[in-house]
Protein chains: 2
Amino acid sequence: MIASALAERVLSGELRADDRLPSERHLAVEFGASRQVVREALRSLVERGLIDVEPGRGAYVHGDNGPRRFPPLDLEYRRRGSTARHLSEARLMLETEAAVLAAQHAEAHDLAVLERTLDRLDASVTPLDRVRGDLAFHSALVAASHNPVIETMFGSIQGLTVELMVRSAGDPETVRRSGPHHRLLFEAIRDRDPEAARRTIRAHLGIAASTYGDDYDQSLDTTAAHALRLIGSGAGLETFLRAILPDHPGA
Amino acid sequence: MIASALAERVLSGELRADDRLPSERHLAVEFGASRQVVREALRSLVERGLIDVEPGRGAYVHGDNGPRRFPPLDLEYRRRGSTARHLSEARLMLETEAAVLAAQHAEAHDLAVLERTLDRLDASVTPLDRVRGDLAFHSALVAASHNPVIETMFGSIQGLTVELMVRSAGDPETVRRSGPHHRLLFEAIRDRDPEAARRTIRAHLGIAASTYGDDYDQSLDTTAAHALRLIGSGAGLETFLRAILPDHPGA
DNA sequence: TGGTCATACCGGTCAGACCACTGTACAGTA
DNA sequence: TACTGTACAGTGGTCTGACCGGTATGACCA
């Protein structure tokens, strides 16, 4: 009840991004409840991404400033028995559409970001760098589509996408063959050539999919375990993932 | 901390669907914390959909039985300023891919469900019936893709899709022109013809997109308001939505 | 004017108590 | 012996009051 009422304040615009909510003690008085109940309600709102709570300062409506986290759906996908094939199919769908739209809608700022991520990717040395750079490039590509629905859907697979990228980054042959696609993709978008963009992204992700072999129709957990073996990393995937997506809730 | 530890138990399979969690008092002892802190952690898990809490009985791991709700992302899409165009583009992307995959992977059960929803759609009389039937058909189509990632993404726009469908259902010309596509789509899938499936779904959704006119690049809120005017419904969209998706959290 | 300290307020947590609900076991009655 | 009702243990839901560490502001002093 309290959670719903407060959520309504946020959703209705009564409270705006970065606004401070009344204190727990004030809310307890206002709703005629104990502070504990208020805290539980606030916890719900935190979990829904509507607010952020800062100890000693108060609770604030989640800001529109800075990079917004995408609602990750790793859990949902895992629980539905998704395989590497399912994920790859979905990723191909998203990035193909995004590339085509980017070739139509990308603005100067988008191109600058894309080029910057390209430079960074070219300068990558370690697998961690390469995965970071790869993710940045593909995220910039999807952002250049200027379709927030598609972007959000891509964000929902971001953590799992990192696992795919770990796999690709661990195979030198894959890196060698698919590497040039990044630049070609950028050029297709810069030159407003949707068909070239489509062909390039499909070729690019097709190569990544070919690294799977017997794992392609295995569950995502199996896939992730093998990914780290490929890059010979001593750390667990969780640690690796945190290095790349610090805000990502544990999968 | 406690929330993470418990989530891990659920995700690791240590606790399975419908298993009962230890009581709050037991968890408080186990984690050396107060019951209040345990309750807040449990509230987080509830909000994440991992568990259900039943007063007087205890907390249970969310069951795998019965129809699973898709995590709706209406709020996220609205807050990112999505328009009817963005939603339509994403929907076209999802359903095109789903139709192609369905033509490759649909099984006898899928075809039976599709045909049943077709019959129901043909028998529709009121706008409510038509929207219900339309949603059922398109959901069955996406399910026939046998890709849980794509299905989940489609589910994330389900509430907003209903709003699109309300719009189409309110225009007799749109209903007349796009109606036959449903049967054609079914036949393409039955006959294992991905290209026909692709063409048909694109034509089908293209007609729906043409009902927008000036609203196409307006925010989704504007679009929804106009939708109900088209069908001359006395009820608000919220009521209409609830009649179709009873479990849908308020948008 | 800048630095330090005190105070008010913030969220985080604890302990203990009480309430309504749920389920099981046992006693009483037909 | 079988059925029904009651009591009790256990459940989650909530309240009250207290204490802790962190934050921010204002007052005072050098």
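Every chain is numbered from 1 and lettered A, B, ... according to where its sequence line falls, protein lines coming before strand lines.
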In whole angstroms, how far is the C1' atom of D:dT11 from the CZ atom of B:R39?
11 Å
Do any side-chain nitrogens or oxygens of B:R57 fall under 4.0 Å of OP1 or OP2 in C:dC21?
no
Tell me: CD of A:E54 to C1' of D:dT23, nearest whole Å?
11 Å
What nucleic acid atoms does A:R43 come within less than 4.0 Å of, heavy atoms only: base, sugar-phosphate, or nothing?
nothing
To the nearest Å, how far apart are A:R25 CZ and C:dG12 C1'?
10 Å
Can you tell me how far C1' of C:dC10 sits from CG of A:L42, to the nearest Å?
13 Å
Considering residues, nucleotides and ligands other than A:H26, do more than 12 of their heavy atoms fall under 6.0 Å from its NE2?
no
Answer whether the closest heavy-atom distance between the side chains of B:E107 and B:H146 falls below 4.5 Å.
yes
Starting at CD of A:Q36 and ending at P of C:dG16, how long is that distance when rounded to a whole Å?
15 Å
Would you please confirm or rule out a distance under 4.0 Å between OP1 or OP2 of C:dA15 and any side-chain N or O of B:S34?
no
Step-by-step side-chain contact (heavy atoms from CB on, under 4.5 Å) determination, B:Y77 to B:L160
CA-CA 9 Å; B:Y77 299 134; B:L160 299 179; 3.8 Å; yes
Figure out the CD/C1' separation between A:E40 and C:dG11, and round it to whole Å.
15 Å
With rounding to the nearest 0.5 angstrom, report the OG to CG distance, B:S156 to B:L94.
7.5 Å
Please report, rounded to the nearest Å, how far the C1' atom of D:dC15 is from the CD atom of A:E24.
15 Å
Check: C:dG12 base within 3.5 Å donor-acceptor of A:R35 side chain:
yes
Residue whose closest nucleotide on DNA chain D lies nearer the 5' end, A:G56 versus A:A33:
A:A33
